[in-house]
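The sequence lines fix the lettering, A, B, ..., with proteins before strands; numbering per chain opens at 1. Reckoned from all heavy atoms, side chains included, excluding hydrogens, waters and symmetry mates.
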Amino acid sequence: MEYIIKNGIVYDPLNGINGEKMDICVKDGKIVEDVSSGAKVIDARGKVVMPGGIDSHTHVAGPKVNIGRMFRPEDSKKEIYAKKGLRTGTGFSVPSTYKTGYQYSEMGYTTVIEAAMPPLIARHVHEEFMETPQVDKAAMPLFGNNWFVFEYLKEGDLKKCAAYVAWLLRAARGFAIKIVNPGGTEAWGWGKNVHSIDDPVPYFDITPREIVRGLAEVNEMLGLPHSIHVHPNNLGHPGNWETTLATMDCVKGIKAKPRYGERETVYYNTHTQFHSYGGTSWKDFESKGVEIAEYVNKHDHLVIDVGQVTLDETTTMTADGPMEYDLHMTNGLKWANCDVELETGSGVVPFIYSPKGPVYAVQWAIGLDLFLNTDTDKVLLTTDHPNAGPFTRYPRVIAWLMSKKYRDEWLYNKVHKWAIQRSHVADNDKEYDLYEIAKVTRANQAKVLGLSKEKGHLGVGADADIAIYDINPEEKDGKKIEKAFRYASYVLKKGEVVVKDGEVVKEIYGDTIYVDVRVDESLEQEIMKDLREKFTRYYSINLDNYPVQDAYANSWKVIKIDATDIN
Amino acid sequence: MKELILTLKEDIIVPVEMDAVIPEKIENMTLDEIKNIELPQGNKKVLLKDLFDVELNEDADVSRIIIKNSTIKLKRIGEKMTTGEIIVEGDAGMYVGCEMKGGKIIVNGNADSWAGQNMKGGELIIKGNAKDYVGSAYRGDWRGMSGGKIIVEGNVGNEIGEYMRGGVIHVKGNAGLMAGIHQEGGIIIIEGDVDARVGGEMKKGAIVVYGKVEELLPSFKFEGVVEDPVIKLSKKDEGTPIKGKFYKFSGDYVYNKPKGQLYISVESNPDLI
């Protein structure tokens, strides 16, 4: 199938294209130089053309998402996706798989990364991926509370740790190293937590600093496409910004050496809004968003995603088990909790971010502080779906960023006055333009994930994942911006039109991306010995039954990496 | 104002959802439009006129719908209604008066489960029995009935008033297990007997039992015997007087500082303490 998208106003930051009027040609799922005269014409006159959106941090598949669905029938009732020729679905903050795929697609998103996969239950993640249409997907296995990682790092054996990481990525069909509350979730198994990055983990006697730094080094030894993806300690606690800065700082000096992709950073700090809290309690709680942004601007080794609070009723879910317990004790709502053998744990709690609540208003403002003060090459748009708000609110976040007027309407009329008093949002006049929006929703993501060869841009050879929005580049009306980005005029996935006028018209099954790193055979033999021993003694499952089989995807996209030189 | 009389033509097997037929909607419709209202039946849609004989009386004293020959297969009668009256001649299916905000529903028969779920206002009168979850919250939710009044003249099933926050549930017959579970406000009055675990995990609100209590939770604290008490749920509350001699309990002490009040008739439970 050939398409030519004519006369659109193109925003493609990876190729430096800022609002140029040009044609884009598509053939066989790729972007090409030109097409034959038989190509179908899509008239994009007066419309905005961008690469397909990429969500580098979301929770859309796997056991904790499913627990959220199961224990919140009232969330299912909140939003019912009526049948529009395709399948139905329900759920506002934790939508069913089809609804997830369709709604991402309606917004022009074409790739999503599940940010927390418990390796032991990887099959469940992949099973849900198989039922999530419209997008390419990948999942990041959790390494920050893993016994093998703890022991190898404690022994100072980075090579073995790297070989183990490589093995686990292949076994779980994972994409990158995810670290959640390093050491804390393991401590939660003893009813404890770690607070500073130098608190030792009970029993293992290793500190979060050693875990983060160790895994960052391992990541660069293997040359993985993405950097380590970190959710630091102390999430959601007043005063945690210092922990966040210390964590960001502890990997300084490590050099990025990706063997795939073009990433220059070694550290990705996720949902930074939850980690930029000043004060000592909820009473003197305040934004440290600007301070965090200043650090990010000054240093080249990291990027952040925001995790913008959208002021909705949502469902929080994270592998940070102790944090979810704290949350449950704060709001008194139902709580689910889980331990995943030697690997990780998790918790789920519903949450209502009421605009009239002083703390929630400040949380909302902290996200905006981060957006408005960080260099737009180093910040990514997320809501940590569904933790700070559902992904269907991205268009609203875009509207807050693009229109000072719309932002102020919320700031002065809808949210509690603490947002003005305890953040810097009121004094900030920055308005994002569409080029910057394309950066924070596409280009930056593609680059930091190591996928910028094929995704996140519209250059020749890129995947033909394209979104066309009906919006005037000068538009400042928040409601109009929101509507335009919520329902794209056209979305092409793999060169096929999948959305037209905001409605899904074609169901297409994306790839599941994973990383297959080859390490030296003798090194692999060594870790297999350790694995066999641990599996026999501690795991409830046999080692041979552990790896995810080929059948667990509609189609795999394998990123092969040769790291045999690390021996 | 309009009075609509619907007579079910024959017994139905697959349940029908009636939430599209409420007084405020009928007011603005012609007879023809009413006849062609689409009602979901299982996974299909049927027209109102296919199931019912339809009669419209243009000058009634109050906006009213009368459903004759009604069966338990007619679900969601009066859902979300805000004004007017619905009179059900026969039984009502699940979710009668669900989320209603105003007006009045009278069921001259029995009701299935979930009657008055998440009710906010208005009045729901059931002349026969009702099954489980009268005046409850939606499944999974912790925000239940917040206002209005439900009167059941017969017996009710289990877990009535689940997560109730306001309003009144008055049962003239007996109640099953866990009446007022998780209650956080409002009053439940039960004239008959109740099964075990009445008031389980209640935080606020009041439950009055005139009949025999099968078994009392140990997490309630005995506060003394009171005669003709006036139940006050807040400082501003004028109070609801009740007649008789009651053991008064506070609870449920599975929580810290609960404000729930439980009144149990002394006469029907001489051996309770």
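Every salt bridge (Lys or Arg N to Asp or Glu O under 4.0 Å) that A:Arg393 has, sequence neighbours left out, goes to A:Asp312. Under the ring-ring contact (aromatic ring centres under 6.0 Å, His included) criterion, A:Tyr98 pairs with no residue, sequence neighbours left out. Considering only residues two or more places apart in sequence or on other chains, B:Phe220 meets the ring-ring contact (aromatic ring centres under 6.0 Å, His included) condition with none of them.
Judged by distance alone, the side chains of A:Asn337 and A:Trp188 do bring a donor and an acceptor atom under 3.5 Å apart.
Here the rule is salt bridge (Lys or Arg N to Asp or Glu O under 4.0 Å) with A:Glu128, and of A:Lys64, A:Arg69, A:Arg123 only A:Arg69 fits it.
Aromatic ring pairs are classed by plane angle as parallel below 30°, tilted from 30° to 60° and perpendicular above 60°; the pair B:Phe249 and B:Phe222 is tilted.
Chain B is approached within less than 4.5 Å, heavy atom to heavy atom, by no residue from residues 317-329 of chain A.
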